[in-house]
2 protein chains.
Amino acid sequence: MNKMETVEEREAMSLHQRILADISERILSGEWAPGHRVPFEYELAQQYGCSRMTVNKALSQLAKAGLIERRRRSGSFVRRPQSQAAVLEIHDIKVEVQALGLPYSYALISRQKRKSTADDRVLLDLKQSTPVLDLTCLHRAGARPFCLEQRLISLTAVPEAADESFEEAAPGPWLVGHVPWSTAEHRIRATAAGEEVAAALEIEAGAACLAVERRTWSADHPVTQVRFTYPGDSHMLVARFTPSDGS
Amino acid sequence: MNKMETVEEREAMSLHQRILADISERILSGEWAPGHRVPFEYELAQQYGCSRMTVNKALSQLAKAGLIERRRRSGSFVRRPQSQAAVLEIHDIKVEVQALGLPYSYALISRQKRKSTADDRVLLDLKQSTPVLDLTCLHRAGARPFCLEQRLISLTAVPEAADESFEEAAPGPWLVGHVPWSTAEHRIRATAAGEEVAAALEIEAGAACLAVERRTWSADHPVTQVRFTYPGDSHMLVARFTPSDGS
DNA sequence: CCGCCTCTTATGTATATACATATTGGCGAA
DNA sequence: TTCGCCAATATGTATATACATAAGAGGCGG
């Protein structure tokens, strides 16, 4: 959406960035079609009046971003647009609500400590039966329910969670501060609100809801599984992606 | 999910990769908490017995991946886990259906060429009234409707599209092959099926559906806007993210 | 005590150089 | 003709070096 317009801007950029921008632009504009061979490193070095190392770093970065493919002995080639990927940011709900200019409030609906059931083990990716904490919470924007949170926390991975009441603080931010996470998996789908969910969200049973489920692992151990249910059209996930942003 | 287990694997890695893996691991394991100062470049260089350049490249990469923050004169610091971002891959529908082991079929429901209306201009991010192509298509998995595609294509950006009937080939793959794209924006939400959508998808009006909208630009010019509607629970978007994969 | 200047320090960027490594194309022997 | 080996080539990785730049630390004068 933003391009280098003025000569000044281009001159202000480092050579590295300039090479990167030039080449991405040619690829994205279609001037260099998929399959086209990008000039060799030494050619570009000559062209830009810089060393091969500088060009190498820029091209390596483009390769990492997926715009080009590098083949030893043959050169670098423009790749065809890959499987469309988008960076989806999932924010803290409090921040999300406040960004809408609405007052945020949080309430704990239920809290239960128990040995994991068979269902729990599937959701949390557990192998044995271990203690878990089962929480249900409601996030409000102003007076209206904004999102229902149904969460399981593995007490094996996070024993400190057993001592937290979660009556004041939402488990999400608390966990982020207490457990480093290494992998997260998201599932996003539409569901019809069940009786309980509908009651909590103050909508009609059967209404369309957006469900976002997240599972988190830390160093190969399952930490938590959570399902956020947003009522109907009220919520939307937005993702924006520019391949050259790989920079 | 996968870690370097054996000494052999570590030895096989380049120094660059090894430094990267070592530091990410310490951060992700929590050994270096948010706010912790990573050793200075020259210290790490000494520690690994390599030059500062090599360390510099590794640290720069970690900074780009968002794991650390670099401050001149002060050093590099571990950042707190950021807004959780996930790489969401949106595949070709044909591939998606076939991955489920179901026969895929495609049908064009309507095709209309017209001057863009006010609505079209909002959807497509157009400034003036220009010709657009309005398509509605149905993707089937076996006998059942899988996904309804409602698409606008800017004929200013893609004049060749006017000559395509889109009766055999779906517009998505065709566009990918004909237009390089530079930016895409996705919106994902749950909606209740309207009359027309319900009829096309052979579901009841008001049923919960997952709607994925995508807008695509090429070099600042809007190319296409598309809305995919998936019936109810039948579909799910999955995203997986490991921060150290920023490498 | 505050504001300004300078010095120090750690990172940012770029260079020339060297050697490793994968791949292609050609040459020669079976 | 085909297989196998070698040499040429483009990229991959690392080094030592140099200078730029931003920002904190400390000193100095008003």
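Just the heavy atoms: all of them, side chains too, but no hydrogens, waters or symmetry mates, feed the values below. What you are looking at is a predicted structure, and each value in this text was computed from that prediction instead of being measured. Letters go in sequence order (proteins before strands), and every chain restarts at 1.
- A side-chain hydrogen bond (donor to acceptor under 3.5 Å, both in side chains) check over residues 155-170 of chain A, counting only residues at least two apart or in different chains, returns the pairs A:E164-A:W174.
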Can you give me the N/O atom pairs linking the protein to nucleotides 19-22 of chain D at distances under 3.5 Å, or say none if there are none?
from: D:dT21; atom 1: O2; to: B:R72; atom 2: NE; distance (Å): 3.3
from: D:dA22; atom 1: O4'; to: B:R72; atom 2: NH1; distance (Å): 3.4

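- Between A:T54 and C:dT13 there is no side-chain polar atom (N or O) within less than 4.0 angstrom of OP1 or OP2.
- Salt-bridge annotation for B:R26 and B:E31: present, with a side-chain N of the basic residue lying under 4.0 Å from a carboxylate O of the acidic one.
- Using a 4.0 Å cut-off between a side-chain N of Lys or Arg and a carboxylate O of Asp or Glu, B:E43 and B:R37 qualify as a salt bridge.
- Here A:L15 lies in heavy-atom contact (under 4.0 Å) with sugar-phosphate atoms only.
- For the pair A:K57 NZ and C:dA16 P, the interatomic distance rounds to 13 Å; values are reported in whole Å.
- A:S76 and A:R71 share no donor-acceptor pair across their side chains, judged by distance under 3.5 Å alone.
- Taking the charged nitrogens against the carboxylate oxygens, A:E149 and A:R214 have no contact shorter than 4.0 Å, which rules out a salt bridge.
- The side chain of A:S76 contributes an N or O atom lying less than 4.0 Å from OP1 or OP2 of D:dT11.
- Contacts between residues 36-50 of chain B and DNA chain D, defined by a heavy-atom separation under 4.0 Å, are made by B:G49, B:C50.
- What you find for B:C137 and B:L108 is that their closest heavy atoms are SG-CD1, 4.2 Å.
- Between the C1' atom of C:dT11 and the NZ atom of B:K64 lies a distance of 16 Å, rounded to the nearest Å.
- Note that OG of B:S24 and CD of B:Q61 are 9.0 Å apart. Values are rounded to the nearest 0.5 Å.
- Phosphate proximity of C:dG12 to B:R70: present, with a side-chain N or O under 4.0 Å from OP1 or OP2.
- Of all nucleotides listed (C:dG12, C:dA16, D:dG12), C:dA16 comes nearest to the side chain of A:M53.
- If you measure from atom CZ of A:F77 to atom P of C:dT23, you get 13 Å, rounded to the nearest angstrom.
- With hydrogens and angles disregarded, no donor-acceptor distance shorter than 3.5 Å links the side chain of B:Y48 to the backbone of B:T54.
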